[in-house]
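Read the structure below first, then the notes.
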Amino acid sequence: MFRSSALLSLLLLAIGGYATPVVREPSPVKLPFAVRFNNGTNGALNIIEADRARINLIKEQGAALAEKHENVHKRASYSVSVTNEAVTYIASIGVGSPATSYDLIIDTGSSNTWVGAGKSYVKTSTSSSTGKSVSVSYGSGSFSGTEYTDTVTISSNLVITKQSIGVASRSSGFSGVDGILGIGPTVLTEGTLSGSSTTEIPTVTDNLYSQGTISTAAVGVYFAPTTVEETTNGELTFGGADTSKYTGTLSYVSLTSTSPAKYYWGINQSIKYGSTSILSSTAGIVDTGTTLIYIATDAYNKYKSATGATLDSATGLLRITTSQYNSLSNLVFTIGSKTYTLTPNAQIWPRSLNSYIGGSSSYVYLVVNDIGSNTGSGLDFIDGYTFLERFYTVYDTTNSRFGIATTAQTTATTN
Ligand SMILES: *[C@@H]1O[C@H](CO)[C@@H](O)[C@H](O)[C@H]1NC(C)=O
Ligand SMILES: *[C@@H]1O[C@H](CO)[C@@H](O)[C@H](O)[C@H]1NC(C)=O
């Protein structure tokens with residue numbers, strides 16, 4: 001009786017509040033963010049070291065998830081060192097009510113959202129401790145602390161109530177930022193809370209969807225090529241794609257069924273250099289947190305010999321001369337039934353940032369590198385930032401698919 005009358009008054013309240021019922025289809029909401037290249041310990045940016053730490057973590061974590069979900073034992077041991085990430089995307093995110101703003105790294109390769117690395121967590125009336133402890137390790141560091149629920153304000157029209165967030169009491173590897181906004185697959189939150197190894201924590205994208213703020217649990221990502229250390233040229237769109245940021249049509253492919261790539265934003269892809277096949281159709285991942293493009297060792301060796309490149313010991317990157325650059329061919333990625341081309345200019349590190357990575361102005365450095373294992377590992381490529389700054393991409397959980405389109409930057413000469 002009490003319940004039904006309470007329900008009735010709620011309904012009346014709702015009807016009273018909305019005399020004319022308006023069915024509003026939530027549309028995608030944009031969030032600009034900054035792209036920052038971080039200095040390594042010795043001043044110069046060590047991309048390879050930072051990327052390797054991340055790749056090892058992806059392999060380690062993927063193998064652990066495959067073991068748990070598929071009962072397959074393919075655990076290898078990778079050393080995961082603590083280094084700062086080479087490239088980070090930072091957005092200012094509010095937590096609490098009134099909100100305190102935190103500079104958070106936006107990460108598609110992890111899924112816990114947490115604060116407290118730099119600025120301390122400020123409790124307000126919306127803060128509620130779950131009493132559980134939480135810990136996550138990254139290729140670039142780690143954090144541990146207590147899990148809370150609180151209001152998270154991504155932008156004025158993206159407000160989440162009762163978002164589960166970590167509040168760090170300890171963290172390492174996160175200088176200059178306050179924590180992470182994790183927008184990777186939800187499965188990556190498994191095992192991060194005390195008490196249960198199978199509990200998943202709904203991500204901010206999951207909650208925006210379940211709270212009706214967005215109509216599809218999907219995130220669109222746009223970057224423009226970066227030629228300076230830090231610039232606000234990225235845009236994240238919650239709920240789908242920003243049609244003003246791409247050219248032509250957005251094409252979708254199903255996420256890959258191959259393990260361990262399937263525990264990330266995994267797809268199948270093949271690669272040709274000019275007319276030479278470099279990588280046959282195989283599984284890998286798309287990852288905003290990896291700086292370069294990594295391909296299986298056998299594929300990398302083919303690319304190295306086709307381009308005539310030399311491994312540069314100072315930077316860890318492949319290098320070519322200016323005249324080799326002038327005769328470079330296109331690198332063509334086939335995803336689904338479409339091809340996506342990296343022009344010669346899109347295959348090189350921005351020359352204005354050569355000294356920043358410890359390189360020389362007399363060489364041209366290539367952004368394709370070695371993933372460290374031969375084709376067939378289930379993780380045969382990582383399309384990182386240097387690929388993603390040439391295309392618009394969509395990470396769609398609701399429909400288990402990945403979308404990609406060309407942009408005004410695809411064939412631009414910027415590097
Ligand atoms: C990175 O190091 C360079 C010198 O190598 C310096 O000019 C620059 O200010 C540093 N950037 C940051 C963000 O510390
Ligand atoms: C991807 O490749 C694997 C292995 O060749 C294949 O089994 C799978 O059907 C392909 N497509 C998807 C969407 O996983």
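One-based numbering, in listed order, for ligands and for the atoms of each. What's counted below: heavy atoms across the whole structure, side chains too, no hydrogens, waters or symmetry copies.
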Practice task
Check whether any N or O atom of S257, backbone or side chain, sits under 3.5 Å from an N or O atom of ligand 2, and answer yes or no.
Solution key: yes
Exercise for the section: Step through it carefully: locate the ring centre of F402, locate the ring centre of Y395, and say whether they are under 6.0 Å apart. Expected result: yes
Practice task
Specify side chain, backbone, both or neither for V253, according to which of its non-hydrogen atoms lie closer than 4.0 Å to ligand 2.
Solution key: neither
Fill in the blank from the handout: For N268, the atoms of ligand 2 under 4.0 Å from one of its heavy atoms are 1 (C), 2 (O), 3 (C), 8 (C), 10 (C), 11 (N), 12 (C), 14 (O)
Exercise for the section: For ligand 2, note which part of T256 has a heavy atom under 4.0 Å away: side chain, backbone, both or neither. Expected result: both
Practice task
Without swapping roles, check the side chain of S164 against the backbone of T149 for a donor-acceptor pair under 3.5 Å.
Solution key: no
Handout entry: F381 and F333 aromatic centres sub-6.0 Å
Key = no
Completion exercise
In this structure, atom 4 (C) of ligand 2 is nearest to the protein heavy atom T258 OG1, 4.0 Å
Practice task
Answer with yes or no whether L255 contacts ligand 2, where contact means a heavy atom under 4.0 Å from a ligand atom.
Solution key: yes
Exercise for the section: Taking the six-membered ring of Y325 (Phe, Tyr or Trp), confirm whether the NZ or CZ of R351 is under 6.0 Å from its centre and within 45° of its axis. Expected result: yes
Exercise for the section: Measure centre to centre between the rings of Y340 and F391, then say whether the value is under 6.0 Å. Expected result: yes
